[in-house]
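Read the structure below first, then the notes.
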Amino acid sequence: MSREQKQQAISSIKGTRDILPEEARLWQMVEESARKIFELYGFRELRAPIIEPTELFEKGTGASSDIVTKEMYTFTDKGGRSVTLRPEYTPSVVRAIIEHRLDLQPQPLRFYYIGPMFRYDRPQKGRYRQFHQLDVEVFGEKDPAVDAEIIEMAHRLLQAVGVEGVTILVNSVGCPTCRPAYGQALREAAARVKDRLCPDCQRKVEINPLRIFDCKLENCQAAARTFPLINDFLCEDCREHFRQFLIYLDLYHLSYKIEPTLVRGLDYYTKTTFELVVENFGAQNAIGGGGRYDNMVKEFGGPDLCGTGLAIGLERLLLVSKIEAIPQSYAYFAHRGEQAKQASLLAASYFRSCGIPCLLEFKERSLKSHFSRANKIAATWVVIIGEDELAAGEFQLKDMLRSKQYKGSLEQLARIIIDKESSRKSALSKE
RNA sequence: GUGAGUGUAGCUCAACGGUUAGAGCACUGGACUGUGGAUCCAGUGGUUGGGGGUUCGAUUCCCCUCACUCACCCCA
């Protein structure tokens with residue numbers, strides 16, 4: 001590229017990136033197994049718009065949350081409305097339920113979605129401004145068994161894409177009945193030791209004392225050990241819900257860690273919260289998380305419908321997954337001369353109608369150069385159409401992986417490809 | 001938003017402040033005109049992220065800026 005070209009070149013916006021074909025193949029594979037698994041659990045896809053009224057997130061995600069106060073892509077559209085690129089998905093589903101009276105359908109309701117979210121963060125490993133989430137939500141199911149089932153489903157997905165070393169962190173954050181008392185007690189305890197805390201944590205005393213638990217400094221940790229824990233403040237209802245939730249996790253033989261300080265940054269959670277974290281993954285080690293939000297639908301003016309859900313970060317999932325792309329199998333056409341080129345067009349058309357992927361290139365090449373090209377682009381089959389073949393009315397087919405060559409009509413060659421491919425596929429799935 | 005590190009060819013990396021900034025891989029072509037992966041040869045590709053300064057001279061030193069990376073923060 002010349003200097004002028006370089007200066008004129010437009011590059012992608014900070015925190016966004018192109019997913020090129022090689023990587024997109026992996027995305028397709030993960031998305032496919034996610035869809036399959038979600039549908040195994042009775043979830044159906046619900047696609048909501050990427051752009052929503054700003055107030056949806058101010059009310060839903062929470063006006064005091066970091067996401068809303070400093071991370072949203074918000075702007076005014078030509079009609080003077082304040083609109084926002086969604087930073088998360090749950091409020092959109094809640095809006096859709098109320099808007100379309102989905103609560104009048106037989107409950108519980110199970111929805112899933114895969115798509116981009118937007119948060120104006122400083123980009124980092126596993127953190128982008130446009131990132132993608134797998135999201136599932138259940139409405140109208142109070143039973144803590146469903147909280148456990150969602151985690152079991154997430155676990156299944158992680159296994160399917162080869163993620164290892166995942167820890168399940170769980171907690172209960174209580175409900176509007178019991179949480180205020182805990183917040184009060186925590187704030188008082190923090191205030192008592194305020195002068196022993198680092199400047200950072202001194203600020204947290206007022207804003208969010210729970211965050212003091214996360215400080216790495218020894219002094220702050222020592223102080224935090226004297227703080228009360230939420231478990232001792234849960235009301236009867238929340239305590240029982242949490243107890244049963246753990247029983248169901250045990251039933252699935254899922255090992256988990258109770259993390260009394262796990263709060264999560266969204267304001268709407270009640271009772272169950274959980275997070276999936278991976279080892280050796282730096283600061284962005286949470287690949288998924290979620291919990292219960294029993295009051296959100298009601299707070300939006302909808303029916304009294306409880307909810308519980310899960311979100312998994314696709315970028316982070318891919319960073320830790322061990323899946324490998326299965327190379328696409330396809331036929332390449334080695335043609336010589338105009339007549340052969342035309343015959344190739346027809347042959348490829350016929351192969352495609354048989355369901356065989358074909359790659360046709362039109363440049364005139366020597367046969368050797370055709371093979372060299374086929375090898376470079378990893379074609380699995382080469383169909384040879386030259387003068388001899390045209391004269392004989394019989395074509396040649398080379399299996400590039402096994403270096404075996406066949407001769408016959410197009411129908412015969414298509415049959416050979418279909419047979420060999422199906423035996424190759426069944427061999428792969430047996431592994 | 002705060003702090004630190006790194007920016008040289010498409011990729012991975014060289015070049016003491018001093019000739020025309022090099023190599024491997026990749027790409028294109030040839031040796032090789034009907035059978036791929038190898039080898040050999042040649043070619044394309046840079047104004048060293050951008051701007052300013054110091055200097056006879058800057059890829060190298062200084063400042064600003066942008067991008068990337070990592071950490072804080074927050075979260076997926």
Side-chain angles (χ1 to χ4, degrees), chain A residues 1-7 9 11-15 17 20 61 65-71 86-90 114-135 154 198-201 203-204 207-208 211 214-217 262-266 273 275-278 281-290 309-320 332 334-337 340 363-390 396-405:
Chain A
M1 237 194 303
S2 77
R3 187 180 186 176
E4 287 74 25
Q5 284 173 320
K6 224 173 196 172
Q7 281 178 344
S11 55
S12 63
I13 287 171
K14 181 174 182 153
R17 62 196 198 98
L20 302 179
T61 310
S65 66
D66 276 30
I67 291 176
V68 172
T69 54
K70 46 188 191 192
E71 294 175 7
R86 60 177 181 213
E88 60 145 342
Y89 196 63
T90 308
I114 303 174
M117 307 292 156
F118 303 84
R119 291 184 201 171
Y120 194 87
D121 254 357
R122 190 87 170 253
Q124 224 172 291
K125 186 191 184 86
R127 186 166 88 184
Y128 302 94
R129 290 182 175 178
Q130 177 180 337
F131 63 102
H132 299 76
Q133 286 189 332
L134 309 166
D135 188 282
C198 69
D200 224 25
C201 286
R203 272 191 305 111
K204 294 177 190 167
I207 309 158
N208 193 350
R211 287 274 161 221
D214 300 334
C215 188
K216 271 114 195 153
L217 297 170
L262 176 68
V263 279
R264 307 191 46 76
L266 305 150
T273 56
E275 212 158 88
L276 308 167
V277 301
V278 281
F281 195 52
Q284 264 57 53
N285 65 348
I287 65 167
L310 153 81
I312 292 176
L314 251 173
E315 282 83 358
R316 291 183 188 180
L317 185 62
L318 277 151
L319 274 171
V320 292
Y332 173 90
H335 51 82
R336 304 230 52 204
K363 186 180 176 183
E364 180 67 24
R365 296 171 188 272
S366 70
L367 196 63
K368 187 179 188 73
S369 155
H370 266 307
F371 271 94
S372 178
R373 174 73 187 156
N375 187 59
K376 188 164 284 172
I377 61 181
T380 37
W381 302 94
V382 172
V383 181
I384 304 165
I385 302 182
E387 285 173 19
D388 299 351
E389 286 75 15
L390 286 174
Q396 300 204 61
L397 173 72
K398 183 157 185 176
D399 181 336
M400 293 296 279
L401 300 175
R402 282 169 263 231
S403 289
K404 271 177 88 174
Q405 203 154 317

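Quick note on labels: first sequence line is chain A, next is B, and so on, each numbered from 1.
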With respect to the phosphate group of rA76(B), does any side-chain polar atom (N or O) of Arg316(A) fall under 4.0 Å of OP1 or OP2? no
Mind checking if Gly289(A) touches a base, just sugar-phosphate, or nothing, with heavy atoms under 4.0 Å? sugar-phosphate
Heavy atoms under 4.0 Å, any strand shown: does Glu387(A) hit a base, just sugar-phosphate, or nothing? base
Which atom pairs link the protein and nucleotides 41-44 of chain B when you take only N or O atoms and keep those under 3.5 Å?
none

Side chains of Tyr332(A) and Met400(A): does their closest heavy-atom pair fall under 4.5 Å? no
Taking rA26(B) as the reference, what is the distance to rG37(B) when you measure between their C1' atoms (whole Å, please)? 16 Å
Could you work out the separation of rA71(B) and rC27(B) based on their P atoms and round it to a whole Å? 35 Å
Does any donor-acceptor pair link the side chain of Gln124(A) with the base of rU69(B) at a separation under 3.5 Å? no
What I'd like to find out is whether the side chain of Lys398(A) reaches to under 4.5 Å of the side chain of Trp381(A), using heavy atoms alone. no
If you look only at pairs with a residue in residues 117-126 of chain A, which of them pass as a salt bridge (Lys or Arg N to Asp or Glu O under 4.0 Å), with sequence neighbours excluded? Asp121(A)-Arg127(A)
Whole-Å gap separating C1' (rU35(B)) and CD (Gln405(A)): 7 Å
The salt bridge (Lys or Arg N to Asp or Glu O under 4.0 Å) partners of Asp399(A) (sequence neighbours excluded) come to Arg402(A)
Mind checking the C1' distance from rG5(B) to rA38(B)? Whole angstroms is fine. 43 Å
At 4.0 Å (heavy atoms only), tell me whether Glu389(A) reaches a base, stays on the sugar-phosphate, or touches nothing. base
Do Phe131(A) and Leu314(A) have side chains that get closer than 4.5 Å, going by heavy atoms? no
Within this structure, what is the CG-to-P distance between Asp121(A) and rA71(B), rounded to whole angstrom? 13 Å
Rounded to the nearest 0.5 Å, what separation is found between the CG atom of Leu310(A) and the CG atom of Leu276(A)? 6.5 Å
How do Lys14(A) and Tyr120(A) order along RNA chain B: which one's closest nucleotide is nearer the 5' end? Tyr120(A)
Quiz item: Arg119(A) side-chain donor-acceptor pair to rA76(B) base, under 3.5 Å: yes
Starting at atom CG of Asp66(A), determine the distance to atom C1' of rC74(B), rounded to an integer number of angstrom. 6 Å
For rU44(B) and rG29(B), measure between their P atoms and round to the nearest Å. 15 Å
CG of Asp399(A) versus P of rG36(B): gap in Å, rounded? 16 Å
Please measure how far the P atom in rG24(B) lies from the corresponding atom in rU59(B), and state the result in whole Å. 24 Å
With rounding to whole Å, what would you report as the distance between rC13(B) and rC32(B) at their C1' atoms? 34 Å
Given RNA chain B, 5'-ward residue of the pair Gly288(A) and Gly15(A), judged by closest heavy atom: Gly15(A)
Kindly compute the distance separating CD (Gln133(A)) from CD (Glu88(A)), expressed to the nearest 0.5 Å. 7.5 Å
What contact category does Ile384(A) fall into here, base, sugar-phosphate, or nothing, at under 4.0 angstrom with non-hydrogen atoms? base
Test item: Gln124(A) and Gln284(A) side chains (from C-beta on) under 4.5 Å apart, heavy atoms: yes
Base-pair string, RNA chain B, Watson-Crick plus G-U, cut-off 3.5 Å on both distances, | for inter-strand, is (((((((..((((....[...)))).(((((.......))))).....(((((..]....))))))))))))....
Write down the distance between CD (Gln396(A)) and P (rU35(B)), rounded to a whole number of angstrom. 11 Å
Provide the distance between the two P atoms, one in rG50(B) and one in rC40(B), to the nearest whole Å. 35 Å
Residues, nucleotides or ligands: over 12 heavy atoms within 6.0 Å of Gln405(A) CD: yes
Measure the distance from CZ on Arg129(A) to C1' on rA76(B) and round it to the nearest whole Å. 16 Å
Is there a donor and acceptor pair, one atom on the side chain of Arg127(A) and one on the base of rC74(B), closer than 3.5 Å? yes
Distance check, C1' atoms only: rU20(B) and rU48(B), in whole angstrom units. 15 Å
Side chains of Leu367(A) and Ile384(A): does their closest heavy-atom pair fall under 4.5 Å? yes
Taking the side chain as every heavy atom from C-beta outward, state whether Pro123(A) and Arg129(A) have any pair of such atoms under 4.5 Å apart. yes
Using atom CG of Leu134(A) as one end and atom P of rA76(B) as the other, report the distance to the nearest whole Å. 13 Å
Measure from CD on Gln284(A) to C1' on rA71(B) and round the result to the nearest Å. 10 Å
State whether the distance check finds a donor on one side and an acceptor on the other, under 3.5 Å, for side chain Glu71(A) versus base rG1(B). no
Distance from Lys376(A) atom NZ to Ser369(A) atom OG, nearest 0.5 Å? 9.0 Å
Please enumerate all protein N or O atoms sitting under 3.5 Å from an N or O of nucleotides 24-32 of chain B, with distances to 0.1 Å.
residue, atom, partner, partner atom, Å
rG29(B), OP1, Lys363(A), NZ, 2.4

Whether over 12 other heavy atoms sit under 6.0 Å from Ile377(A) CD1: yes
Counterpart residues, side-chain contact (heavy atoms from CB on, under 4.5 Å), relative to Pro116(A) (two or more places apart): Ile50(A), Arg86(A), Tyr113(A), Phe118(A), Gln130(A), His132(A)
